[in-house]
Amino acid sequence: MNPFDSLLQPILDHYSELSAGDFQIAPAPNVEMGDVALRAFVAAKKLKMPPPKLIADIQEAVSFGPEVLSLEAAGPYLNFRLDRNVFGNAFVADILSTRERFGSNGSGKGQSLLIEHTSINPNASPHVGRARNAMIGDSLVRLFRFESYEVRVHYYVNDMGRQIGLLVLMCDDLESMVFDDVLDAYVEANERAESDPKFAEQGYELLAKMESGDPETQRKFFEVTEHCLKGQLAVLARLGIEYDEFDRESKYLKDPRLDALVGALEEREAVFVDEDKRLVVDLSKIGHTRDEGRYFVLMRANGSSMYGYRDLAYTVDKMGKGADVNLWVLGEDHKLYAEQQALILAAAGEPAPESIYYAYILLKDGKMSTRQGKVILLSEFLDEAGRLAAERVAEQCTDLDTEEQNAIAEKVAVAAIRFAILRIGPNKNVIFDWDASLSFNGDTGPYVQYSIARINSILRKYGKPLPETSDKFLIDVDSEWSLLTKLASFPETVATAARQRNCAPVAQFALDVAHAFTSFYHECPVLAAGSDAQIESRILICAATRQTLTNALAILGIEALERM
RNA sequence: GCGCCCGUAGCUCAACUGGAUAGAGCAACGGCCUUCUAAGCCGUAGGUUGUGGGUUCAAGUCCCGCCGGGCGCACCA
C-alpha cells in the first residue's frame, strides 16, 4: 500500500524479528533533508534500543538496491536519496494502468454495506444544514463503492407524526402548490398550532385517524409526503445525490419482530408500564449508567407507538438484510438517542448499525429551524452559486454557447458547495458564511476543477495520443518529484478515509495535489520542455495528475471538467 | 447539574492518529499575463496550539482540573 514499502525489504531481511508495521516510511518534511524518511521508533522499542542507535545500525549493516543513491542518518531518522526516475516512472505507470481504479485498495471486495442517510422529514424544502447529512452520506457511498463494497443506500421517510398531520391540514389543494411554497405552509401550520390549541388538537386527531387505518386519511398523508419527498429528491439530485430504497415509517407501525424484542426486555425487567399507562424502557437495567436519558418511552397511553418504537422496528428490518457493514449518518443531536437504541437492541441480542455523526451548520444568529422558517434553502443556495458561476464562465469561455456555459456553471456550483462542506471534519460546527461558501478562489472545489481544466488544455494541445509509459522517464525538478510522491500516496489517503468513515482527508488530498500541480505548472513548461524525453515525461505527469484528481473528486461527488 | 463534541495565525480550516522547523486558503502588503487558462503563481507579515498541571526520549495530539462555544438529557420526529 505504501509506495515506498519496497525499501523496507532489505531491513526486514536483516532483522528477522521485525515486520513492516514497525516502520514508517514517507516523504521527508522537506526536500533538503532527503527524498523519503524512515522512522523506526516502534522497531527500536522492540529491539530495546535507542532509535538513533538502530538508525545507525541500519545505515551500517543493511545494503539497499541501486535505486537508493545515498543514506543520511539524522538522529532518529534515516533519510534516503533515491533514483527519482525509477520511482517516478513506477508511480506514473501504476496510475495510468489502473485508471479510474487508482487509489482503491479494494478493501470491501465481496462485502456488502448498507447505509442510511439524509432522511429529511417530508415537510419542506431542505435547507443547507440538512444537506450536510446528505453530502456526507453520499460521499461515503461513493468512497465505499470505490473500495469495492456492494453498497445499498436507504432513505427513511418520516411520513407520520403530528407535524405531518398539521401540514396535511394546510394542503387541501395540493395540485396548485409549488414545492417551495410548502415551507411557508409548514411554518404557518406551526405558528397556528402555537396560538390555536384547537388546530393543534386537529393535527393529533388526524394522525390518530391515519394510524387507525382510515384509507382516506392515509391517502392524504401519502400524497402530501410523496409531494414533499419528490421535491426534496429533485433538489438533492442537483447535487448528484441518489438513493436505492425508500422506507416509509408508516410501514413499521406494527412489527411482529418487536414483540420478541419487548419480550427480551421483560425478561431482564427493563420494561414497565408507568402510572400514566405508557410503555417505558428502563435503560439502567441494561447497561445505561447515568440518570440522564435513563428512560425511553415506546408506547403512549392510548397504545399508539412513539417514533423511537417505529425506529427500532425499522432498524431491526435494516439489520435483517444482513449487510456486512451497516452505517447511518446522524446529526449530533441524535447521539444519546442512537446510544439508547443500541442498548435496547443489544439487550435483545440484536445488532445495531454504526453511527456517523456530524455537527450542525449554524447561522450567525443561531441554529436553523425549519419550523420557524429560519433557514437557508439548499435550492436557493444552489441557484445563487449557479448564477455566480455562470457569470464567471461567461467571461472565461466566450466561444461556448449559453447552454454549454450553463452546464459548466452548474457543475462548478456543485463543486463549490460539496467541497466547502466535505473538506471540514464532520464533528466541527460550521457557522454558515454566505460569501465564503460561494467563493471559487483559494482552497475550493472549483480550484481543483481548474487544475484539471488546465491539464486538459495542455493534453489537447499536445495533439498526439497519450503515452502510458516511457522508457526514458526523467525527473529533474523538485516540484515534479513532490507532485508524484503526493499522487502515489492516494491509496493510503483513501484507506484512512474509509477507516475513519470520513471523506475530509480526500478533499484535503485533492487540494494538496492541486497545489503541487500548480507549482509544477508554473515551474515546468510541458509542451515547450527541453527535449522529447522531457516533454513525454511531463505529459505523463500531467495525465497521472488528471487521473488522480478525477478519482478523488469522484469520491466527493464532484465532476472533473474538460474546460472552465 | 450530568454526558458527548469542539477550541490551532485577525477569519475559515489542515497537521500522515505520539515524532524533525505547526501548514494551506481568505483578508493585508509587494511582485508576476506578447510564454501550456491570472478561478493562478512567487514573496512579506501574521503562533506561548483557550488555560493550569501531569505522563513520555518526544505532546496541538494522551490523562486530570479550570475557561469559552455547540448538542443532548421520558410521552417531538
Side-chain angles (χ1 to χ4, degrees), chain A residues 24 26-30 33 37 39 41 50-52 74-77 79 119 121 123 158 160-164 249 274 276 278-283 289-301 304 306-308 310-311 331-337 339-340 357 359-360 362 366-367 371 389 392-393 395-397 412 420 423-425 427-431 433 435-437 439-444 446-447 449-451 453-462 489 492-493 496 499-500 504-505 507-508 511-512 515 518-519 521-529 538 542 563-564:
Chain A
Q24 278 182 295
N30 64 58
M33 294 174 176
R39 295 168 183 175
F41 295 97
Y77 306 95
N79 295 323
S119 303
N121 288 348
N123 53 26
N158 303 121
M160 297 187 57
R162 190 190 71 136
Q163 302 301 319
I164 304 296
E249 185 182 349
D274 73 359
D276 295 326
R278 299 172 306 214
L279 188 65
V280 181
V281 182
D282 181 356
L283 295 162
T289 52
R290 282 173 293 125
D291 247 14
E292 301 76 29
R294 173 177 168 181
Y295 298 108
F296 191 91
V297 179
L298 291 179
M299 295 277 195
R300 295 191 180 89
S304 68
M306 297 282 292
Y307 174 82
R310 303 186 293 265
D311 210 15
E332 65 177 353
D333 55 337
H334 281 63
K335 226 166 195 173
L336 175 60
Y337 172 77
E339 284 163 14
Q340 291 172 327
Y357 300 105
Y360 274 116
L362 305 170
K367 197 173 159 179
R371 272 179 218 186
R392 204 59 183 278
V393 176
E395 291 167 20
Q396 205 82 19
C397 306
V412 171
R423 70 180 286 249
I424 299 173
N427 42 21
K428 208 146 192 162
N429 267 129
V430 177
I431 310 274
D433 181 335
D435 295 330
S437 314
S439 168
F440 303 144
N441 300 331
D443 284 352
T444 64
Y447 170 69
Q449 286 178 313
Y450 183 66
S451 307
R454 283 172 143 183
I455 295 172
N456 283 326
S457 177
I458 293 173
L459 297 182
R460 270 196 309 271
K461 287 181 178 157
Y462 179 63
S489 72
E492 278 189 304
T493 302
T496 302
R499 197 174 53 243
Q500 296 181 352
Q508 190 60 44
L511 278 181
D512 292 344
H515 279 127
T518 41
S519 295
Y521 178 88
H522 282 274
E523 200 176 341
C524 306
V526 177
L527 302 174
R538 289 181 176 172
C542 285
R563 46 174 299 183
M564 62 188 278

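Chain letters run A, B, ... following the sequence lines, proteins first and then strands; every chain starts at 1.
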Mind checking the [atom1] distance from [N] to [M]? Whole angstroms is fine.
N: rG70(B); M: rU49(B); atom1: P; answer: 25 Å
N: rA15(B); M: rA59(B); atom1: C1'; answer: 13 Å
N: rC64(B); M: rA77(B); atom1: P; answer: 38 Å
N: rA20(B); M: rU34(B); atom1: P; answer: 43 Å
N: rG60(B); M: rU8(B); atom1: C1'; answer: 7 Å
N: rC66(B); M: rC2(B); atom1: P; answer: 9 Å
N: rC11(B); M: rU55(B); atom1: P; answer: 33 Å
N: rG69(B); M: rG23(B); atom1: C1'; answer: 25 Å

With rounding to the nearest 0.5 angstrom, report the NE2 to OH distance, His334(A) to Tyr357(A).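 Separation between the atoms: 10.0 Å.
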Between protein and nucleotides 3-15 of chain B, map the contacts as a letter string: B base, S sugar-phosphate only, - none, heavy atoms under 4.0 Å, written 5' to 3'. SSSSSB----SS-
How is [X] classified with respect to the nucleic acid when contacts are heavy atoms under 4.0 Å: base, sugar-phosphate, or nothing?
X: Cys397(A); answer: nothing
X: Ala453(A); answer: base
X: Ser439(A); answer: nothing
X: Gln24(A); answer: sugar-phosphate
X: Leu336(A); answer: sugar-phosphate
X: Asp276(A); answer: base
X: Arg371(A); answer: base
X: Val281(A); answer: nothing

Closest-nucleotide ordering on RNA chain B, the 5'-leading residue of Gln340(A) and Tyr307(A):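 In this pair, the answer is Gln340(A).
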Taking the nucleotide of RNA chain B with the closest heavy atom to each, which residue, Arg392(A) or Glu249(A), is nearer the 5' end?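 Final value for this comparison: Arg392(A).
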Would you say Tyr295(A) and Asp274(A) are linked by a side-chain donor-acceptor pair, where the criterion is simply a distance under 3.5 Å?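 Per modelled atom types, Asp274(A) and Tyr295(A) side chains form no pair under 3.5 Å.
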Starting from [atom2] on [N], measure out to [atom1] on [X] and report it in whole angstrom.
X: Asp282(A); N: rA74(B); atom1: CG; atom2: P; result: 14 Å
X: His522(A); N: rC41(B); atom1: NE2; atom2: P; result: 6 Å
X: Arg162(A); N: rA77(B); atom1: CZ; atom2: C1'; result: 11 Å
X: Tyr337(A); N: rG72(B); atom1: OH; atom2: P; result: 15 Å
X: Tyr450(A); N: rC41(B); atom1: OH; atom2: C1'; result: 10 Å
X: Tyr295(A); N: rC73(B); atom1: OH; atom2: C1'; result: 13 Å
X: Arg460(A); N: rC36(B); atom1: CZ; atom2: C1'; result: 11 Å
X: Gln449(A); N: rA39(B); atom1: CD; atom2: P; result: 14 Å

Verdict with reasoning, Tyr447(A) to His515(A), per side chain to side chain contact (heavy atoms under 4.5 Å, CB included): CA-CA 9 Å; Tyr447(A) 170 69; His515(A) 279 127; 3.0 Å; yes
Okay, side chain of [X], backbone of [Y]: is any donor-acceptor separation there less than 3.5 Å?
X: Arg563(A); Y: Ser457(A); answer: no
X: Glu332(A); Y: Asn427(A); answer: no
X: Thr496(A); Y: Glu492(A); answer: yes
X: Asn429(A); Y: Tyr360(A); answer: yes

In terms of the angle between their ring planes, are Tyr77(A) and Phe41(A) parallel, tilted or perpendicular, with boundaries placed at 30° and 60°? perpendicular
Output the single nucleotide from [options] whose closest atom is nearest the side chain of [X].
X: Asn441(A); options: rA39(B), rG25(B), rC76(B); value: rA39(B)
X: Val526(A); options: rC36(B), rA20(B), rU37(B); value: rC36(B)
X: Tyr521(A); options: rA77(B), rA39(B), rC36(B); value: rC36(B)
X: His515(A); options: rU21(B), rG25(B), rU37(B); value: rG25(B)
X: Thr518(A); options: rU21(B), rA20(B), rC41(B); value: rC41(B)
X: Asn79(A); options: rA77(B), rG40(B), rA20(B); value: rA20(B)

By centroid distance (under 5.5 Å) and plane angle (under 30°), are Tyr447(A) and rG40(B) in a stacked arrangement? no
If the glycosidic angle sits within 90 degrees of zero it is syn, else anti. Tell me which applies to rC63(B). anti
Tell me whether Arg454(A) forms a cation-pi arrangement with Tyr521(A), defined as NZ or CZ under 6.0 Å from the six-membered ring centre and within 45 degrees of its axis. yes
